[in-house]
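Worksheet for the structure shown next.
Any value given below was found using the heavy atoms of this structure, including those in side chains, with hydrogens, waters and symmetry copies removed. Proteins come first, then strands; the chains are lettered A, B, ... in the order of their sequence lines, and each starts at number 1.
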Amino acid sequence: MIFKKRTHTCGELRASDIGKIVTLNGWVDRRRDLGGLIFIDLRDRYGKTQIVFSPQHNYEAFQIAKELKSEYVISVTGKVERRPKGAENPSIPTGEIDVLADEVQILSKSETPPFLIEDDINVSEELRLKYRYLDLRRPIMQANLITRHKMAQIVRRYFDENNFLEIETSFLVKSTPEGARDFLVPSRIHPGKFYALPQSPQLYKQILMVAGFDRYFQIVKCFRDEDLRADRQPEFTQIDIEMSFVTEEDVFNIVEGLMARLFKEIKGIEIPTPFPRITYKEAIETYGTDKPDLRFDLKIVNVTEIFKTTEFKIFRETIEKGGIICGLNLKGCANYSRKQIDELTTLAKNYGAGGLVHFKVENGEIDSPVAKYFSKLSLQKLKEKMDANDGDLMILVSDEPQKVYSILGNMRIELGRKLNLIDEDEFKLAWIVDFPLLEWDGEENRWVSVHHPFTSPKLEDIQLLDTDPGKVRARAYDLVLNGNEIAGGSIRIHDAQLQEKIFRLLGISDEEARKKFGFLLEAFKYGPPPHGGIAFGFDRLVMIFTGMKSIRDVIAFPKTSSAISLMDEAPSEVDPKQLEELHIQIKRED
RNA sequence: GGAGCCGUGGUGCAAUUGGUUAGCACGCCAGCCUGUCACGCUGGAAGUUGCGGGUUCGAGCCCCGUCGGCUCCGCCA
């Protein structure tokens with residue numbers, strides 16, 4: 001098809017272009033047919049421009065304009081004119097002008113789309129995903145992917161300026177134990193053998209350090225076959241970083257510089273550096289999570305001490321069993337009705353609490369259905385400890401520590417939202433440090449790595465490896481932004497003996513270690529430099545920068561929560577011939 | 001693996017205690033309309049109530065199963 005190519009985009013023309021003869025290519029966004037005059041909004045990714053068809057001006061073009069429907073692709077040629085006084089549209093950048101059509105050509109027709117191509121659509125995500133190409137025509141989705149692109153470019157520029165090399169690593173890699181479930185790729189050439197898609201390029205970037213590429217980064221797809229969430233997809237993108245001859249401070253420095261750059265160039269915000277550091281212990285005990293949202297206070301207060309000798313049976317027995325009592329002070333909520341308090345209780349139960357005890361502070365008095373079980377003194381102490389004043393509502397949960405923290409941590413987030421404590425325009429970054437190195441896995445009856453098996457313990461804790469492994473802190477760190485974990489990393493072990501010791505602790509035999517990641521251990525025999533790094537969840541970062549609630553809105557072709565792609569219907573069955581070639585037989589389950 | 005919410009013309013929603021011909025808006029189609037921009041006005045078409053089974057004189061509504069979407073727990077070094 002021969003067609004007139006555009007001279008300008010649909011977001012480009014201004015008053016200064018008045019008088020020019022231009023050609024625009026784009027999609028018909030909306031037609032307003034006034035009978036004797038037809039207006040068309042022509043759309044492309046740069047914006048919208050109003051086209052005017054008038055029978056007096058050009059009868060032929062006017063006749064074609066009558067045929068135009070939503071999402072037809074057209075080429076229009078005409079003169080840029082100033083809109084009549086009072087007919088300007090100040091809500092769009094091209095609103096001062098319109099293009100008076102001399103000529104219009106339909107480049108392709110469209111069926112009526114299943115939903116309107118506009119920002120504030122009211123349509124199920126299911127339909128959006130099925131017709132993703134239409135969903136992606138919406139300006140907001142285009143803006144999201146444009147922001148994503150810009151952020152990727154800033155990342156590349158930043159690391160290049162700082163002497164990092166972007167090096168691609170393989171996607172068909174060796175399956176390694178530990179961590180997430182692998183996506184497997186069967187080998188045609190080697191019957192019964194499989195590649196894995198990388199959960200992250202972890203081992204390979206460490207080997208690049210051994211190879212002497214002392215500053216590496218990569219924007220890279222990673223694959224994990226685990227259940228999905230709003231912020232988790234089976235394939236996702238990391239900004240992967242590794243550096244040699246460094247300590248934590250060097251990693252923090254380079255990351256803080258990157259974040260400052262991104263915030264400045266994308267959001268126009270100067271964020272203060274260095275970022276505050278919070279220990280894992282402090283995060284859990286104060287916010288009930290290792291990824292606290294620091295935009296609001298509502299801290300967890302531990303009041304176990306006050307109730308050590310209480311008459312109140314539930315509290316006393318919990319404490320005797322090693323449990324704790326913690327609470328939140330809901331400022332100004334003393335006027336909560338019975339119904340509202342019941343809702344709080346339900347919320348707590350949803351998060352696994354046995355119940356919820358509450359105290360209202362009014363006129364200096366502490367009021368509660370269970371007040372009679374407590375001494376005046378202990379209630380006074382409670383009020384002081386929780387910094388409660390008239391009008392406040394204190395809620396308490398008692399259970400084993402882990403449970404209390406997770407219940408109150410979840411409630412804190414929910415209540416922060418409900419009580420409007422969160423400023424959506426604010427961005428609070430923090431490092432979470434001093435993670436435990438190991439965690440006891442009750443099911444498998446062994447220690448497992450909190451981060452990964454190559455994470456270095458803190459030097460001063462190494463002797464605890466033999467006596468009290470659970471107490472050993474790792475040289476690991478997470479970067480947290482508004483309650484999201486956006487990056488995590490560590491200083492690695494580069495000492496073969498220490499690495500072997502960790503493997504032994506994890507119950508990985510020498511032979512197993514050799515079999516599973518012997519190539520890394522082998523590489524480490526030849527002068528591994530001290531090294532460490534970090535990896536960002538790029539999708540999450542873009543999600544936060546664009547203000548989206550799900551990473552699906554910043555990924556071109558995401559999967560549903562059951563890991564299906566509704567547009568192309570992957571995964572699908574394959575031709576038996578393909579299976580044959582791959583030496584694979586499907587076991588039918590009943 | 002578990003829990004919650006949801007599934008009704010193309011789309012988003014409504015439908016009283018289980019009871020008449022399943023209603024509204026947007027979109028779509030036709031006609032009218034020369035400065036609209038969510039154009040307006042008039043008229044019209046459009047439904048296997050996700051699917052399968054059950055209870056009932058009667059099911060969009062109740063029960064069981066199943067499929068799909070979203071959120072959360074487990075899981076995600």
With a 4.5 Å limit on heavy-atom distance, are the side chains of A/N144 and A/M548 in contact?
yes
Under 4.0 angstrom, heavy atoms only, what part of the nucleic acid is A/D33 near: base, sugar-phosphate, or nothing?
base
Within the 4.0 Å heavy-atom criterion, would you say A/E88 contacts the bases, only the backbone, or no part of the nucleic acid?
base
The answer to which of A/L116 and A/D98 contacts RNA chain B further toward the 5' end, by nearest nucleotide, is A/L116
Please give the distance between the P atoms of B/C62 and B/U16 as a whole number of Å.
10 Å
Assign A/A180 to base, sugar-phosphate, or nothing according to its heavy-atom contacts below 4.0 angstrom with the strands shown.
sugar-phosphate
When the C1' atoms of B/C39 and B/G47 are compared, how many Å lie between them, rounded to an integer?
30 Å
Under 4.0 Å from OP1 or OP2 of B/G68: is there any side-chain N or O of A/K130 that close?
no
Integer angstrom distance from the P of B/C24 to that of B/A15:
15 Å
Between B/U34, B/G27, B/C70, spot the one nearest the side chain of A/S561, thanks.
B/C70
May I ask you to say what A/R30 touches in the nucleic acid, namely base, sugar-phosphate or nothing, with a heavy-atom cut-off under 4.0 Å?
sugar-phosphate
Nearest-Å distance once atom C1' is located in both B/U21 and B/G60:
15 Å
All heavy atoms of A/G416 vs all of A/F296, minimum pair found to be CA-CE1, 3.7 Å
Check for me: is A/F115 stacked on B/U11 by the 5.5 Å centroid and 30° plane-angle rule?
no
Base, sugar-phosphate or nothing for A/E118? Non-hydrogen atoms, less than 4.0 Å.
nothing
Side chain of A/Q50 only, heavy atoms from C-beta on: which candidate in B/U34, B/C37, B/U71 is closest?
B/C37
Between B/U11 and B/U17 - P atom distance, rounded Å
28 Å
Distance, C1' atom - from B/C32 to B/A25, rounded to whole angstrom
23 Å
Could you check whether A/L127 gets within reach of a base, just the sugar-phosphate, or nothing at all, counting any heavy atom under 4.0 Å?
sugar-phosphate
Which residue pairs satisfy the side chain to side chain donor-acceptor pair (under 3.5 Å) criterion with at least one member in residues 120-129 of chain A, sequence neighbours excluded?
A/E125-A/R552, A/R128-A/D135, A/R128-A/D553
On a plain distance test, is the side chain of A/R128 in donor-acceptor contact with the base of B/G69 below 3.5 Å?
no
Which part of the nucleic acid, if any, lies within reach of A/P84 when heavy atoms closer than 4.0 Å are counted: base, sugar-phosphate only, or nothing?
base
Between B/A3 and B/C63 - P atom distance, rounded Å
16 Å
With a non-hydrogen cut-off below 4.0 angstrom, is A/T455 in contact with a base, only sugar-phosphate, or nothing?
nothing
Under 4.0 Å between any heavy atoms, over every strand shown, what does A/V448 touch: base, sugar-phosphate, or nothing? Just pick one.
nothing
Is any side-chain N of the basic residue among A/E522 and A/R514 closer than 4.0 Å to the acidic one's carboxylate O?
no
When you compare the side chains of A/R30 and A/Q50, does any donor N or O come within less than 3.5 Å of an acceptor on the partner?
no
